[in-house]
Protein chains: 2
Amino acid sequence: METETGTNWLNHEEQRAWRAHLDVSRLLMHKLERDLQPFGLTNNDYEILVNLSESEDHRMRMSDLAAATLQSKSRLSHQITRMENAGLVRRENCESDRRGLYGVLTDRGWETMREVAPHHVASVRQHFIDLLGASGIDALYGSLAPVAEHLRTRRKIG
Amino acid sequence: METETGTNWLNHEEQRAWRAHLDVSRLLMHKLERDLQPFGLTNNDYEILVNLSESEDHRMRMSDLAAATLQSKSRLSHQITRMENAGLVRRENCESDRRGLYGVLTDRGWETMREVAPHHVASVRQHFIDLLGASGIDALYGSLAPVAEHLRTRRKIG
DNA sequence: CTAAAGAAGTTGAATTCTGAACCAATCGAT
DNA sequence: ATCGATTGGTTCAGAATTCAACTTCTTTAG
């Protein structure tokens, strides 16, 4: 059912779902960011540490890292420079492709990761996971997975 | 069940739900932002226009606007300055509290809103709402509402 | 009535982010 | 082989964001 103007506005249920997603997204990021502050890390820092930690040889190509963390190459480049200055990662040349670079976790980066991860996970639990309950978790994933899929594929195109 | 270290890591279901939320959140914001670009608006611009449009007399106190849009007073102040320069809003003194200011929608702001809103809603539908389906919408809201509530209350405190 | 504390907003400097321009290396077709 | 198109990555300038300091007004307590 559309209005006379032809615009298919959101109904009440749609609005509140949309707003809930928006609010949770923003408030949660903000809270997680604050919980990381005592360790001198930002959310972005942390996510990069996670990605490198879980990778073969604790290293990833810049492009792959940018794709995995959903940010532009430019932003990642700046980010890695900062983390390099902080001693958490280093750049290393790629032999198979002389244009390429690896972002590599340093020992210090790895140590930082091992120290911080438990706190971060606790934070994610406290402010998100544990509030959902098992059924909420499945419901959430069931709802969101198709959206994520849609957006990911559309990303390559546009 | 915890590991020997005492940290209650996320299991597979929890991880994928968490990541889905994260990915949707970021990809969607990015996509919506891009869809607003042709109109010369950012997401933040748009949200402020919405809030003012829906308010009595098309005006809101700065503090309330900051709270409603979940941003710091500082950020909002800069934001309003930009929008003022763009002719979308203006500041107006508050008589009942001489410290206070209103952010007020200009005619141009209102026109912009009426023009852009249909496109934005279409975008939200296309990339989010319509991918969830009716059941997904309810499931999502059911899952997220308690989290949003938790975070909102915790916000005042911390 | 007054002093201290708190609330409303702004400002400015430092940081981060964005988008376009750029360089260098690789690929692909002739 | 070589020329054009892509890919990987950085850099620069401009815009947005953060954080702390600051001003002005209001509220509260004595």
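Note on naming: letters A, B, ... go to the chains in the order of the sequence lines (proteins, then strands), and numbering restarts at 1 for each one. None of the values given here were measured: they were computed from a predicted structure.
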May I ask you to say what A:Gln37 touches in the nucleic acid, namely base, sugar-phosphate or nothing, with a heavy-atom cut-off under 4.0 Å? sugar-phosphate
Using whole Å, report how far CE of B:Met29 lies from C1' of D:dA16. 17 Å
Would you tell me if any nitrogen or oxygen in the side chain of B:Arg99 comes within less than 4.0 Å of OP1 or OP2 on D:dT27? no
Starting at CD of A:Glu84 and ending at C1' of D:dG9, how long is that distance when rounded to a whole Å? 13 Å
Where chain B begins and ends its contact with DNA chain C, read 5' to 3' at 4.0 Å from heavy atoms: C:dG6 to C:dG19
If you assign B:Glu33 and B:Ser77 each to the DNA chain C nucleotide with the nearest heavy atom, which residue ends up on the more 5' nucleotide? B:Ser77
How long is the line joining CZ of B:Arg82 and C1' of D:dG14, in whole Å? 12 Å
Residue whose nearest DNA chain C nucleotide is more 5′ - B:Tyr102 or A:Ser96: B:Tyr102
Pairing of B:Arg19 and A:Glu47 as salt bridge, 4.0 angstrom limit: yes
Mind calculating the distance between CG (A:Leu65) and P (D:dG8) to the nearest angstrom? 14 Å
Would you check if there is a donor-acceptor pair between the side chains of A:Gln126 and A:Asp35 at a distance under 3.5 Å? no
Using heavy-atom distances to pick each residue's nearest nucleotide on DNA chain D, tell me which of A:His78 and A:Cys94 is more 5'. A:Cys94
Between D:dT10 (C1') and A:Gln79 (CD): distance, integer Å: 15 Å
Ignoring hydrogens and angles, state whether a donor on the side chain of B:Arg114 or B:Ser53 is under 3.5 Å from an acceptor on the partner side chain. no
Mind checking A:Ser63 for me? I need base, sugar-phosphate or nothing, with any heavy atom below 4.0 Å counting as a touch. sugar-phosphate
Round to the nearest Å and state the distance from A:Asn93 atom CG to D:dT10 atom P. 10 Å
Between CD of A:Gln71 and C1' of D:dG9 the distance, given in whole Å, is 14 Å
When you check the gap from the basic side-chain N to the acidic O, do A:Glu149 and A:Arg152 get nearer than 4.0 Å? yes
Starting at atom CG of B:Leu76, determine the distance to atom P of D:dA16, rounded to an integer number of angstrom. 14 Å
Looking only at side-chain N and O atoms, does A:Arg61 come under 4.0 Å of OP1 or OP2 in D:dG9? yes
Take A:Leu101 and A:His30, find for each the nucleotide of DNA chain D with the closest heavy atom, and name the residue whose nucleotide sits nearer the 5' end. A:Leu101
Do side-chain atoms of A:Glu84 reach the backbone of A:Arg90 as a donor and acceptor pair under 3.5 angstrom? no
Going by atom types only, do B:Thr42 and B:Asp45 share a side-chain donor-acceptor pair under 3.5 Å? yes
Exercise: do B:Ser25 and A:Arg26 side chains pair donor with acceptor under 3.5 Å: no
